[in-house]
Structure formats: structure tokens, C-alpha cells
Novice: 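The structure follows.
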Amino acid sequence: MNVPETFFSVREELTLFGLSCVSGAVIGMCYDAVMAFRLILRHKTWLTALEDLIFLAAYAVFLSAFAAVAAHGELRFYYIIGNVLGFALCHFTLGSIFIRLLGRIYMKTAMLVRAVTAPVRRFYVLISKKARVKFVGSSKFLRKSIKMINLLLPNQWLLRYNEKNIKRKNVNNVAEKK
């Protein structure tokens, strides 16, 4: 009966540790991409927390897949240590450079977009100022017109035919004569 080996040699464990360090660096680059997304599109803290939870869930799936494919389904603690070490090395070396570079590119692009759209924004401000004066004047006129209409129309609750049990003058009661 052939019994498969259930243990790893030192060489295989070092290879797995190196693979986990490299995969941790890849995970660090993915996290830097998420941070770049946050830099470009600022959003609220609850959405940031949700993104971090999704990232951690994806990391958990990756770790279990790594253990299943590379380590015959065995999850060892040094895989996590290798991932954290690779993540930290990538994040604090290449990642910080990447984020700074992306920030500069973003700022230069934003300045270029502002310069290109400046005439459009100035035209919009000019038109909105003129339109605001017209609309404020027309809204005052509309408000005065509504008040005048309300003055001309009598209040429906004060109308005579809405009142109940009214004694009418000059009307004979037809039922009493018979």
C-alpha cells in the first residue's frame, strides 16, 4: 500500500514561504490600487470600511486557494507571515512610491482639466448670474399674482351653500302648506 507523504521537506517549506512572500507583494499591489482608487474618488468612511471588508474577504479566499493549490490543502501559519511580510515590503517601498506618483499625476491632470474647462465655467457663472436675476424677478411676480388670485377668490368655507341648516328668507316651505 502506497502512503502519500503528509509532510513537507525544509526545501519545500522554504519554497512555500517564498511563494507566500511573493503573493503577499501582489496582494500589496492590489491594496495600493484600492488606495489609488480612494485617492481619485474620495468617499465616506463607511464605504471605505466596506471596501476593506471586501478586500479582507478576497484575501481569505486567496489564502484558502493558495493552501489548496500550492500546499496540498494544508494551511500553515507561516503562509500568513509570508503574506504579511511581502505585503509590508511592497506597501512601504513600491506602494508609497506608486501612491505618490499617482497623486502627482492626479494633481497635474486635475490642473489640466481645470485649465481646459475654465472658459466653460466662466460662461456658466455669467449666465447663471443673469438667469438668477431674471428668475428671482419672475418668481416675485408669480408670488404677487398668486396672492392677487387668492384675494379675488372667496374662501370656500365661507360660501353660503356650504353651510348647513340655514333658515332661508323669501322661500316658502312647500311641505307645510299641504
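The figures here come from the full heavy-atom set of this structure, side chains too, leaving out hydrogens, waters and symmetry mates.
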Novice: With sequence neighbours excluded, tell me which residues meet ring pair (Phe, Tyr, Trp, His ring centres under 6.0 Å) with Y106.
Specialist: none

Novice: Is the count of non-hydrogen atoms from other residues, nucleotides or ligands lying under 6.0 Å from R121 atom CZ greater than 12?
Specialist: yes

Novice: Is it the case that one hydrophobic cluster holds both L89 and V26, taking links as side-chain heavy atoms less than 4.5 Å apart, direct or via other members?
Specialist: no

Novice: First locate atom CG of L101, then atom CD1 of I105, and finally report the distance between them rounded to the nearest 0.5 Å.
Specialist: 4.0 Å

Novice: Search all heavy atoms of G28 against all heavy atoms of C90 and return the closest pair with its distance.
Specialist: C-SG, 4.2 Å

Novice: Rounded to the nearest 0.5 Å, what's the gap from CZ on F37 to OH on Y31? Could you check?
Specialist: 13.5 Å

Novice: Only pairs at least two apart or in different chains count here, so list each salt bridge (charged side-chain N to carboxylate O under 4.0 Å, His left out) that has a residue in residues 49-67.
Specialist: R38-E51, R38-D52

Novice: Decide whether F87 and I80 are clustered together by the hydrophobic rule: side chain heavy atoms of Ile, Leu, Val, Met, Phe, Trp, Tyr closer than 4.5 Å, transitively.
Specialist: yes

Novice: Provide the closest heavy-atom pair for A70 versus L16 in the form atom of the first, atom of the second, distance.
Specialist: O-CD2, 3.6 Å

Novice: Please report the shortest heavy-atom distance between A36 and I99, naming the atom on each side.
Specialist: N-CD1, 3.9 Å

Novice: Can you pull the side chain to side chain donor-acceptor pair (under 3.5 Å) pairs that have at least one residue in residues 83-103, sequence neighbours excluded?
Specialist: S23-N83, D32-H91, Y59-N83

Novice: Closest approach of Y78 and E13, non-hydrogen atoms and distance?
Specialist: OH-CG, 3.2 Å

Novice: Can you get from V22 to F62 by hopping between Ile, Leu, Val, Met, Phe, Trp and Tyr side chains that sit under 4.5 Å apart?
Specialist: no

Novice: What closest approach, in Å, do H43 and L41 show between heavy atoms, and which atom pair accounts for it?
Specialist: ND1-O, 2.7 Å

Novice: Sub-3.5 Å donor-acceptor pair from the side chain of R76 to the main-chain atoms of F17, do we have one?
Specialist: no

Novice: Applying the 4.5 Å side-chain criterion to the ILVMFWY set and letting contacts propagate, would Y124 and V120 be lumped into a single cluster?
Specialist: no

Novice: Quick one: pull up CZ in R42 and OG1 in T48 and give me the separation to the nearest 0.5 Å.
Specialist: 10.0 Å

Novice: Quick one, L112 and T109 - any side-chain contact, counting heavy atoms below 4.5 Å?
Specialist: no

Novice: For a quick test of reading the model, state the closest non-hydrogen atom pair linking L85 to C21 and the distance between them.
Specialist: CD2-SG, 4.1 Å

Novice: Can you tell me how far the CZ atom of F123 sits from the CG atom of L126, to the nearest 0.5 Å?
Specialist: 7.0 Å

Novice: May I ask whether I27 and L94 are part of the same hydrophobic cluster, defined by side-chain heavy atoms of I, L, V, M, F, W, Y residues being less than 4.5 angstrom apart, directly or through others?
Specialist: no

Novice: Take the angle between the ring planes of Y79 and F66 and call it parallel below 30°, perpendicular above 60°, tilted in between.
Specialist: perpendicular

